[in-house]
Each structure stands twice: as structure tokens, then as C-alpha cells.
Amino acid sequence: MKINLLSCDAQRPDKRAIAKCITEISATDNSLANELTEILLEGDAVDIEIEDKNTGSALRALRKLDIDYEIVE
């Protein structure tokens, strides 16, 4: 499943927690997750793909971090 991470509405976003979440749900390495986190926190949307078996827990983790997302497919 592909999703767009649109923005992070947390008052004080935790960069490490966001990068760790992206790493876990999208099977990317740490450096790419850190880069995607920076892009997201700068205000640009980020496209990631998550495995179908992790969909529910991945979306729950994103909501917990106050990350707005939209499902592409």
C-alpha cells in the first residue's frame, strides 16, 4: 500500500521517533528515513510504501506521532 505523509502536526515533533517509525513500516534504511523525516518536517509531502500485513499498526503509529497521511492505493 502506498501512502503520502502530508505533514506533522505535533507541537514538538520527535525526529528520532518519526524516522524509526518510517524505518519500521516501510523497510527503508536509517539514513533514508532520516532524510524523509527532514523533508516531512520542512512541510513537503513524502511518499512511502508499506507492507499490507503492517497496514493497521503502521497507520496507528503515524496517528500517534500526529502525522497526517493519505492513502494512495
Side-chain angles (χ1 to χ4, degrees):
M1 168 188 285
K2 288 187 178 185
I3 61 173
N4 287 336
L5 304 179
L6 303 173
S7 64
C8 181
D9 294 334
Q11 196 164 10
R12 293 179 53 193
D14 184 351
K15 291 181 183 181
R16 275 188 267 153
I18 295 170
K20 182 178 177 185
C21 180
I22 291 173
T23 300
E24 291 174 356
I25 66 174
S26 67
T28 61
D29 62 0
N30 286 338
S31 62
L32 180 57
N34 288 331
E35 188 175 325
L36 293 175
T37 300
E38 289 295 327
I39 292 169
L40 177 66
L41 294 178
E42 288 174 1
D44 295 326
V46 174
D47 298 334
I48 62 171
E49 187 164 340
I50 57 176
E51 297 179 12
D52 288 332
K53 65 179 181 175
N54 295 335
T55 304
S57 61
L59 298 179
R60 203 169 19 261
L62 292 172
R63 285 192 299 269
K64 185 176 179 180
L65 293 168
D66 290 326
I67 297 175
D68 291 333
Y69 61 87
E70 69 178 359
I71 299 172
V72 177
E73 55 175 69

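We're numbering straight along the sequence, starting at 1. Computed from a predicted structure; not experimentally measured.
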Without placing hydrogens or testing angles, list every side-chain donor-acceptor pair under 3.5 Å for residues 8-22, not counting sequence neighbours.
residue : atom : partner : partner atom : Å
D14     : OD1  : R16     : N            : 3.3
D14     : OD1  : A17     : N            : 3.4
K15     : NZ   : E38     : OE2          : 3.3

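The line from CD of E35 to CG of N30 is 13.0 Å long, rounded to the nearest 0.5 Å. Summarising the geometry, atom CG belonging to L59 is positioned 5.5 Å from atom CD1 belonging to I3; distances are rounded to the nearest 0.5 Å. Atom CD1 of I25 is separated from atom CD of E49 by 11.5 Å, given to the nearest 0.5 angstrom. Here the CG-CG distance, from L41 to D44, works out to 10.5 Å after rounding to the nearest 0.5 Å.
Across every non-hydrogen atom of L40 and V46, the tightest pair is N-CG2, 3.9 Å.
Note on L6 and I50: separate hydrophobic clusters, where clusters join Ile, Leu, Val, Met, Phe, Trp and Tyr whose side-chain heavy atoms are under 4.5 Å apart, directly or indirectly.
Residues satisfying the side-chain contact (heavy atoms from CB on, under 4.5 Å) criterion with L32, sequence neighbours excluded, are T28, D29, L36.
M1 pairs in a side-chain contact (heavy atoms from CB on, under 4.5 Å) with only one of the listed residues (V72, I71, I48), which is I71.
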